[in-house]
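The structure appears right after this line, and notes come after that.
Everything quoted here is computed from the prediction, not taken from an experiment. Throughout, protein chains are lettered first and strands after them, A, B, ... in sequence-line order, and every chain is numbered starting at 1.
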Amino acid sequence: MTNLTGKPPRIAKRIFFCLSVYQKNHSIAGDVEEVFFQIFRNKGYLTAAVWYWYQCITAIVKYATFTSNRSTAMLKNYLKTAFRKMWRNRGSTFLNIAGLTLGLSCFIMIFLWVNNEISFDGFHDNIEDIHAITTTIEGMKTYDCPWALGPYLKANFPEVLHMTRLREREMSVKAGEKTVYREIVMVDDDFFRMFTFPVIIGDPDRVQESRNSAVLTAETAEYLFGDDDPIGKTVRMNNSFELIVTGITENPSANSSITFDIVMPLNILGDRRLSTWGYGIETFVLLDKNSDRKVFSGKIREIVNRENPVPDNLNVVDIFSYKKFHLYGLNEMGPVKYIYLFSAIAILILLIASINFMNMTIARSGSRVKEIGMRKVAGASRSDIIRQFIGEPVILAFAGFGLSLIIVIILLPEFNMISGRNISSSVLKNPIMLILLTGVTLLTGILSGSYPALYISRFNPVDIVKSIPGKGYKGIIIRRILIIIQFSASIALIIAAAVIFHQMRFIKTVDIGLEKDNIVVMRINNGMRGSLESIKSELRGLSNTVSITFN
Amino acid sequence: MKNLSMNEQIYLIAILLLKDDAYGVRIREKVIELTGKSMVFGTLYNNLDYLVKKGLLTSRKGETGPNRGGNTKVFYSLTDSGKTALEEARELQQSLWEQAKPAFEK
């Protein structure tokens with residue numbers, strides 16, 4: 001028997017083990033395993049495994065129903081009364097669900113946005129150690145650096161593992177008959193070693209080796225070359241020089257600060273320009289994990305002041321962690337303060353939805369006091385009633401959660417238009433995300449149910465049956481407070497929205513002293529620059545043209 | 001004492017028939033053989049637990065066997081009250097059919 005290779009499915013086996021411990025005396029695990037091997041021998045592994053899982057699941061169900069008969073009966077009763085009440089008061093149930101759905105939808109939208117902002121650039125493996133070099137000029141921080149600084153740092157400082165300078169441009173790209181404008185980044189050859197932009201085709205260490213190599217994103221390559229193999233093909237840039245395709249990368253993810261369609265080497269600009277100590281380029285360095293950043297920034301300040309002295313040393317060179325690149329930005333221009341603001345608004349909206357729910361439940365509680373009286377008389381404890389009345393909003397909150405997921409998925413494209421981001425609904429499939437949102441839903445439900453449950457469960461059954469209105473004065477005060485909070489928060493948000501709306505309309509409609517309509521801007525590349533006059537006269541010949549100017 | 005249900009009788013008879021070999025796997029086989037209906041282990045053990053709790057069965061730990069992953073077998077046998085309950089059930093059923101016979105033969 002020992003030469004059997006099949007083993008029962010591991011997870012199911014574990015569950016059985018737990019079950020047999022729980023049920024002390026039995027050998028259900030052993031029994032099932034024995035039969036498993038019989039089936040395995042006769043009908044093969046798959047049948048046996050399926051059978052094993054089937055036994056496992058039915059065992060859990062059977063044990064659960066057998067051991068907890070009383071509590072499930074009570075749960076069924078709660079659910080039944082909850083659904084009956086909801087059905088009887090369809091109108092207010094609809095309002096309740098609608099309120100929670102609206103609140104949760106807003107919350108999820110804002111949550112997705114915040115999550116997107118926080119996770120910006122997070123896909124780089126070395127994000128902790130990548131730094132941008134900044135220069136403070138007349139009190140304003142910029143990413144402007146001397147051209148020669150980067151190579152000097154790499155050559156002379158052991159703590160600088162990799163360095164790349166970076167310049168972003170838009171250029172026309174021509175391959176065969178196709179010409180198109182694309183975003184270009186010009187970089188040094190450490191670019192792909194520092195930043196995690198996956199290279200699909202080509203060796204990431206060598207794609208930047210030659211002076212005229214180009215790395216295309218998959219999307220650009222497909223546009224230019226279709227299904228042909230792009231490696232080794234030539235592309236003509238700005239109609240003035242040619243590059244050879246050496247690699248293909250994935251398209252930069254939507255939450256990357258550095259975006260590009262084509263990566264090309266910076267040294268095409270010529271050694272003279274690259275080795276000056278004049279300003280004019282962004283520089284990024286990858287520092288050794290154990291190096292002291294303060295000491296390092298002191299050292300580069302010294303070098304820049306020595307090589308490119310400015311009167312009074314007004315320019316201050318420093319390093320800036322790439323982790324803060326998007327979120328904080330230079331001179332506190334990043335979206336981080338909006339993140340706090342919008343997070344607060346999201347929570348406020350959810351709170352309003354909860355308070356709204358509470359008020360409606362309390363207002364309707366009159367119709368349920370008899371039920372509560374009956375339950376109390378029949379022996380329900382106060383905690384039973386509390387549990388029941390917290391459970392009902394939780395059910396509604398989850399109904400609202402389902403609906404709001406649908407709403408979010410439908411509205412996400414519009415949301416992306418407004419926010420200028422590219423958030424995909426597939427983030428919602430992320431299990432951590434789902435668990436978090438489920439948690440928030442549960443919390444909303446519990447919060448919504450908490451006060452009504454405490455309020456309703458306090459009624460004295462004798463008072464109820466004698467239909468004496470309970471000592472509810474305290475309740476009324478709290479309800480008024482809740483309503484005041486709800487209305488003032490809503491009004492504040494409405495005013496804020498109105499102000500922003502008017503501001504935006506002002507920006508769009510105000511007369512700024514020049515005519516914006518009927519003006520068309522055209523880009524002209526270097527090749528066309530020589531024949532400006534003939535282009536001008538050609539355009540003037542068109543009947544719709546009023547006037548032309550060049551810049 | 002309450003009368004035994006049909007289900008209880010089937011289990012007790014299965015265990016009685018198996019004599020010294022009455023552990024989970026065999027009992028399930030026997031019950032399936034007697035009733036002709038399939039059954040999962042979860043149900044089996046729920047019912048066995050119930051019968052033990054009612055005092056109709058006792059269980060004892062036995063040795064382990066091949067392919068059991070080191071788990072011991074648990075053997076079941078009828079207690080005295082189990083045997084008398086079964087005996088009573090038989091008598092009740094016989095007398096029932098005895099009385100019902102004339103009605104069927106009409």
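Under the 4.0 Å criterion applied to side-chain N and carboxylate O atoms, B:Glu87 and B:Lys83 are not assigned as salt-bridge partners.
Among the residues in residues 7-23 of chain B, those with a non-hydrogen atom closer than 4.5 angstrom to a non-hydrogen atom of chain A are B:Tyr23.
Every ring-ring contact (aromatic ring centres under 6.0 Å, His included) that A:Tyr52 has, sequence neighbours left out, goes to A:Phe16, A:Phe36. With sequence neighbours excluded, no residue forms a side chain to side chain donor-acceptor pair (under 3.5 Å) with A:Ser450.
Side chain to side chain, A:Glu371 and A:Gln388 meet the donor-acceptor criterion of an N or O pair below 3.5 Å.
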Check residues 31-43 of chain B and write down every donor-acceptor pair under 3.5 Å in which the side-chain atom is one partner and the other belongs to a residue at least two apart or another chain.
unit_1, atom_1, unit_2, atom_2, d
B:Thr35, OG1, B:Val31, O, 2.8
B:Thr35, OG1, B:Lys37, N, 3.2

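Within 6.0 Å of CG in B:Leu96 there are more than 12 heavy atoms belonging to other residues, nucleotides or ligands.
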